[in-house]
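Ligands are counted one by one from 1 in listed order, and the atoms in each one are counted from 1 as well. Just the heavy atoms: all of them, side chains too, but no hydrogens, waters or symmetry mates, feed the values below.
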Amino acid sequence: MQPSASAAILGRLSALVGAKNVLTQKEDLIPYSFDGTAAMKQMPGCVVFVESAAQVRDILRLANETLTPVVTRGSGTGLSGGSLPSPDCIVLCTVRMNRILEVDRANLTILVEPGVTTVQVADAATAAGLFYPPDPGSMRISTIGGNVAENSGGLRGLKYGITRNYVMGLEVVLPDGELLWTGNKCVKDVAGYSLKDLFVGSEGTLGVITKVLLKLIPKPAAKKTMVATFAAMDRAAQTVSDIIAAQIIPCTLEFLDRTTIHCVEDYAKVGLPLDCEALLLMETDGHPAAVEEEAARMAELARNNGALAVRLAKDEAEATKLAAARRSAFSALARVAPTTILEDATVPRSELARMIRFVDEVAKKFNLRIGTFGHMGDGNLHPTFLTDERNESEMRRVHEAFQEIFTEAIRLGGTITGEHGVGLAKKDFLPKFAGDAQMRVMRALRQSLDPRGILNPGKMFD
Ligand SMILES: Cc1cc2nc3c(=O)[nH]c(=O)nc-3n(C[C@H](O)[C@H](O)[C@H](O)COP(=O)(O)OP(=O)(O)OC[C@H]3O[C@@H](n4cnc5c(N)ncnc54)[C@H](O)[C@@H]3O)c2cc1C
């Protein structure tokens with residue numbers, strides 16, 4: 001098969017990073033023609049593996065000169081089409097920039113390259129007796145660069161916050177090749193605009209992140225994990241509202257609906273109870289006395305809401321198994337239909353029960369199969385469409401169902417994406433959500449950093 005990028009550009013890329021680090025053949029490019037998002041594919045011109053910020057700089061200079069689009073890619077687990085190639089683009093893959101550069105126990109920080117996986121960051125923190133809380137379901141594979149670019153959340157977001165809350169500094173190569181460092185190890189720093197916050201969640205459109213300085217925190221001394229089951233989703237949602245209203249902030253408050261529970265049990269075989277409509281996975285951590293008290297109160301609130309059963313994990317091994325089962329929800333659902341489209345509409349917590357009922361009505365109205373799970377404590381739902389992209393009429397109904405779900409989320413004061421980003425998948429909904437003034441400012445920022453439009457063109461907005 002002939003490569004689709006021009007021979008001159010390929011020759012210059014090979015000179016910059018070595019021919020073995022440039023993929024050009026169609027069969028090699030196919031794995032980079034999609035990410036974790038269903039029903040989206042586009043072949044790139046080539047894939048380049050970078051090992052240093054200097055290589056990134058040289059590639060961006062070349063891209064600027066030749067007006068070649070560049071799409072930065074970590075592990076490609078994104079769920080909004082963020083790392084989907086543009087036609088004939090250079091896919092700039094960071095997975096070989098995978099060194100942990102420093103763990104600073106005195107300042108409680110870790111400095112890593114962008115291709116380090118999330119779990120490697122968490123493990124390095126644990127090895128130093130510290131804790132890195134953000135734990136996206138994909139943490140075994142996703143890169144920290146991808147986490148920062150998407151501002152990813154995780155199961156512990158409710159108590160500990162999301163990726164943004166841990167980013168203290170970033171090294172970024174700007175679209176014209178200039179290297180910028182923003183942030184530092186200071187706990188307080190208000191000098192100038194907080195540029196690092198501009199790059200967090202920028203989805204590969206404003207620069208390529210080449211180093212990440214993260215905050216670590218002390219490890220909680222104790223933890224208790226439990227599962228509560230309910231005959232109705234409303235009861236689970238009410239339990240979540242009551243826990244928050246009781247001023248308890250658990251580290252995890254996740255839910256699975258009936259469809260998801262059955263798929264997960266079928267897949268992970270962890271002994272989840274099957275005789276229920278909804279399951280809450282609840283975890284509290286911190287000082288042993290506080291954990292004891294909070295766990296007892298959460299169990300009581302679940303029972304007050306008619307929980308069918310409340311089961312405490314007997315040890316760390318069982319707790320880990322339950323969290324792993326929840327993390328496998330997407331993969332478990334993906335086994336039962338040819339196409340799995342996972343969404344992340346998010347609403348204020350007070351509107352959760354209403355939104356869950358709405359998703360249910362939409363599924364019935366459009367005759368679609370939807371499994372719903374998610375970070376209930378954050379108001380972050382993952383309605384997951386179990387469908388088949390070859391069935392055109394069903395895909396049309398899926399699209400209409402999405403429109404209704406996002407419109408309702410916005411109406412309830414929510415957002416079109418709580419953690420997966422806009423990318424290509426939510427691009428059409430962004431103007432309606434963000435409004436004219438925000439769209440104008442976002443366009444102006446992008447134009448000023450990337451006037452030639454080479455970085456991730458067509459993503460987030462045109
Ligand atoms: C099974 C599964 C479970 C998931 N669970 C969660 C979850 O719980 N929470 C959550 O938030 N997400 C979740 N995700 C989505 C996804 O894993 C995250 O968005 C993750 O952060 C993407 O990381 P990645 O390395 O795969 O990035 P990619 O998919 O490769 O890229 C994502 C975006 O980041 C940009 N990018 C990547 N690296 C850089 C860089 N170095 N500099 C600049 N831009 C860059 C890309 O251009 C793209 O726009 C899940 C995905 C799957 C498949």
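- A side-chain donor-acceptor contact under 3.5 Å links Lys426 to the backbone of Ile416.
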Q. Does the side-chain contact (heavy atoms from CB on, under 4.5 Å) test come out yes or no for Lys432 and Phe406, once each step is laid out?
A. CA-CA 10 Å; Lys432 187 171 176 189; Phe406 292 137; over 6 Å; no
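- A donor-acceptor contact under 3.5 angstrom links the side chains of Thr118 and Ser142, judged on distance only.
- Contacts between Arg73 and ligand 1, counted as non-hydrogen atom pairs separated by less than 4.0 Å, involve both the backbone and the side chain.
- When each atom of ligand 1 is checked for a heavy atom of Leu79 under 4.0 Å away, the hits are 14 (N), 15 (C), 50 (C), 51 (C).
- The backbone and the side chain of Ser75 each have at least one atom closer than 4.0 Å to an atom of ligand 1 (non-hydrogen atoms only).
- Atom numbering of ligand 1 starts at 1 in the shown order; those under 4.0 Å from a heavy atom of Gly137 are 3 (C), 5 (N), 6 (C), 7 (C), 8 (O).
- Under the 4.0 angstrom criterion for non-hydrogen atoms, Thr72 is in contact with ligand 1.
- Here the side chains of Leu214 and Val167 are in contact, with some heavy-atom distance below 4.5 Å.
- The main-chain N or O of Val422 is never found under 3.5 Å from a side-chain atom of Thr417 such that the two would form a donor-acceptor pair.
- Under the ring pair (Phe, Tyr, Trp, His ring centres under 6.0 Å) criterion, the residue pairs touching residues 139-180 are Phe131-Tyr160, Tyr132-Tyr166, with sequence neighbours excluded.
- Those atoms of ligand 1 that come under 4.0 Å of a heavy atom in Gly204, given as number and element, are 44 (N), 47 (O).
- We find that Glu113 and Arg96 are not joined by a salt bridge, their nearest charged nitrogen and carboxylate oxygen being 4.0 Å or further apart.
- Inter-residue side-chain proximity for Glu419 and His382 is flagged as met; some heavy-atom pair is nearer than 4.5 Å.
- Of the protein's non-hydrogen atoms, Gly76 N, 3.6 Å is the one closest to atom 28 (P) of ligand 1.
- Distances below 4.0 Å separate heavy atoms of His420 from the following atoms of ligand 1: 10 (C), 12 (N), 13 (C).
- Among Gly421, Gly145, Gly207, the residue whose heavy atom lies closest to atom 43 (C) of ligand 1 is Gly207.
- Counting protein heavy atoms only, atom 33 (C) of ligand 1 is closest to Glu150 OE2, 3.2 Å.
- For ligand 1, one of its N or O atoms has an N or O atom of Glu203 under 3.5 Å away.
- For residues 115-127, no pair satisfies salt bridge (charged side-chain N to carboxylate O under 4.0 Å, His left out), with sequence neighbours left out.
- For ligand 1, the atoms closer than 4.0 angstrom to any heavy atom of Asn147 are 20 (C), 21 (O).
- Distances from atom 9 (N) of ligand 1 to the heavy atoms of Ala149, Gly153, Ser152 show the closest one on Gly153.
- For Glu419, a nitrogen or oxygen atom sits less than 3.5 Å from a nitrogen or oxygen atom of ligand 1, counting backbone and side chain alike.
- At a heavy-atom cutoff of 4.0 Å, ligand 1 is contacted by both the backbone and the side chain of Thr77.
- Residue contact annotation: Asn456 has a non-hydrogen atom under 4.0 Å from ligand 1.
- For atom 27 (O) of ligand 1, the closest non-hydrogen atom of the protein is Gly146 CA, 3.6 Å.
- Of the polar atoms of Gly74, at least one N or O is found under 3.5 Å from an N or O of ligand 1, judged by distance alone.
- In terms of modelled atom types and a separation under 3.5 Å, the side chain of Asn380 and the main chain of His375 share no donor-acceptor contact.
- For atom 42 (N) of ligand 1, the nearest non-hydrogen atom of the protein is Ile209 N, 2.9 Å.
- In the vicinity of Ser142, heavy-atom distances shorter than 4.0 Å reach the ligand 1 atoms 20 (C), 23 (O), 25 (O).
- Here the CD1-CG distance, from Ile209 to Leu180, works out to 11.0 Å after rounding to the nearest 0.5 Å.
- Atom numbering of ligand 1 starts at 1 in the shown order; those under 4.0 Å from a heavy atom of Gly82 are 47 (O), 48 (C), 49 (O).
- In terms of modelled atom types and a separation under 3.5 Å, the side chain of Lys159 and the main chain of Asp285 share a donor-acceptor contact.
- Ranking protein heavy atoms by distance to atom 1 (C) of ligand 1, first place goes to Phe330 CD2, 3.4 Å.
- The protein atom (non-hydrogen) at minimum distance from atom 29 (O) of ligand 1 is Gly78 N, 2.8 Å.
- When hydrogens are left out, the protein atom nearest atom 25 (O) of ligand 1 is Thr143 OG1, 2.7 Å; that is the closest non-hydrogen contact.
- Here Leu256 contributes atom CG and Arg326 contributes atom CZ; the two are 6.5 Å apart, rounded to the nearest 0.5 Å.
- The CG atom of Leu111 lies 5.5 Å from the CG atom of Leu213; values are rounded to the nearest 0.5 Å.
- Rounded to the nearest 0.5 Å, atoms CD1 (Ile90) and CG (Leu62) are 5.5 Å apart.
- Distances from atom 14 (N) of ligand 1 to the heavy atoms of Gly154, Ser138, Gly374, Pro134 show the closest one on Ser138.
- Within the 4.0 Å heavy-atom criterion, neither part of Arg327 lies near ligand 1.
- Ion pairing between a basic and an acidic side chain is recognised when a charged N comes within 4.0 Å of a carboxylate O; Asp35 and Arg73 show no such pairing.
- Atoms of ligand 1 found under 4.0 Å from any heavy atom of Pro114 (numbered from 1 in listed order, with element): 41 (N).
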